[in-house]
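Data block below; observations after.
Atom set for the values below is all heavy atoms of this structure, side chains included, hydrogens, waters and symmetry mates excluded. We count ligands from 1, going down the list as the structure has it; atoms in each ligand are counted the same way. Keep in mind that this is a model prediction, so the values were computed, not measured.
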Amino acid sequence: MAHIESSFEFGSSLTSSSLPPPRTRIFKIIVIGDSGVGKTCLTYRFCAGKFPDKTEATIGVDFREKVIEIDGEKIKVQLWDTAGQERFRKSMVQHYYRNVHAVVFVYDVTNAASFRSLPAWIEECRQHALGQEVPRILVGNKCDLRHAAQVSTDVAQQFADAHSMPLFETSAKNPYGNDDGGRNNSDHVEAIFMTVAHKLKSQKPLVLSQPPCGSGDTVTLRRQDEEDRGTWGCGCWRS
Ligand SMILES: Nc1nc2c(ncn2[C@@H]2O[C@H](COP(=O)(O)OP(=O)(O)OP(=O)(O)O)[C@@H](O)[C@H]2O)c(=O)[nH]1
Ligand SMILES: [Mg+2]
């Protein structure tokens, strides 16, 4: 049984001066797909629990985090909401894929072109040497607009099967109902990301450190294996 505890928080306080601070495992999940498919809205829905009032095209990357608890362990899900527009992403692409734990491919069910772009996004992953062990999932967004759908579930499922990915259809805007007032039986955004987190829980972790080389929005990460070797990796990004 998993539940969400909080979001946008660092670490925990010590309960005893003799104990080291508890470590929070961090899972880096990148969300990629064409501009306008709803990556920002999906990640915002998961982390803030609502649909954003308005969004603008993402430039570079936006980070969203949420601490969740799975089987008694608190883990931090760090979502990298990437830019879909080439001009806003080209200088960042190599950073998206560094030490990534899972990839979420998003298309818009009302936009066939965004579905046709998926092979190019998969190819980009391949070019950045993403291993087969990195879980990938496929998300068809905007299911609240079923009447305008251009990509059928059958076609999407065939594509997902061909690439060994689970398919989820959802709506960041209205995960509970469709535009004619009835239930659309779409997957809940939260359930989708929780599924990924469950899958990752048994994998090699990143541990959180307090950010020594920045402040404010700066996030500093070190790899567990680097710590084991006594060396430090430090990547600092501003959201
Ligand atoms: N009806 C509906 N509209 C959505 C949904 N998700 C996103 N939108 C709308 O789609 C538009 C684009 O959403 P974004 O989340 O900014 O798209 P993005 O994929 O982050 O785009 P880039 O940052 O340019 O890559 C916005 O006008 C959203 O309001 C959804 O589930 N249903
Ligand atoms: Mg965006």
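Around the Mg ion (ligand 2), the protein contributes the following N, O or S atoms under 2.8 Å, ordered by chain and number: T40 OG1, T58 OG1.
No side-chain heavy atom of H128 sits less than 4.5 Å from a side-chain heavy atom of V100.
Remark: I192 CD1 to T170 OG1 distance equals 4.0 Å, nearest 0.5 Å.
Side-chain N/O atoms of Y97 and Q127 include no donor and acceptor closer than 3.5 Å.
Closest of all the heavy-atom pairs between I68 and I70 is CD1-CD1, 3.9 Å.
Without hydrogens or angle criteria, H101 side chain to K28 main chain gives a donor-acceptor distance under 3.5 Å.
Here E86 pairs with nothing under the salt bridge (Lys or Arg N to Asp or Glu O under 4.0 Å) rule; sequence neighbours left out.
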Check your understanding: Stepwise, does the side chain to side chain donor-acceptor pair (under 3.5 Å) test hold for Q157 with D161?
Key -> CA-CA 6 Å; Q157 188 64 61; D161 290 346; 3.0 Å; yes
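Residue pairs that meet the salt bridge (Lys or Arg N to Asp or Glu O under 4.0 Å) test with at least one member in residues 29-50, sequence neighbours left out, do not exist here.
Hydrophobic cluster membership differs between L42 and Y44, with clusters built from Ile, Leu, Val, Met, Phe, Trp and Tyr side chains linked at under 4.5 angstrom.
When heavy-atom distances to ligand 1 are checked against 4.0 Å, the residues falling inside are D34, S35, G36, V37, G38, K39, T40, C41, F51, T55, A57, T58, A83, G84, N141, K142, D144, L145, S171, A172, K173, ordered by chain and number.
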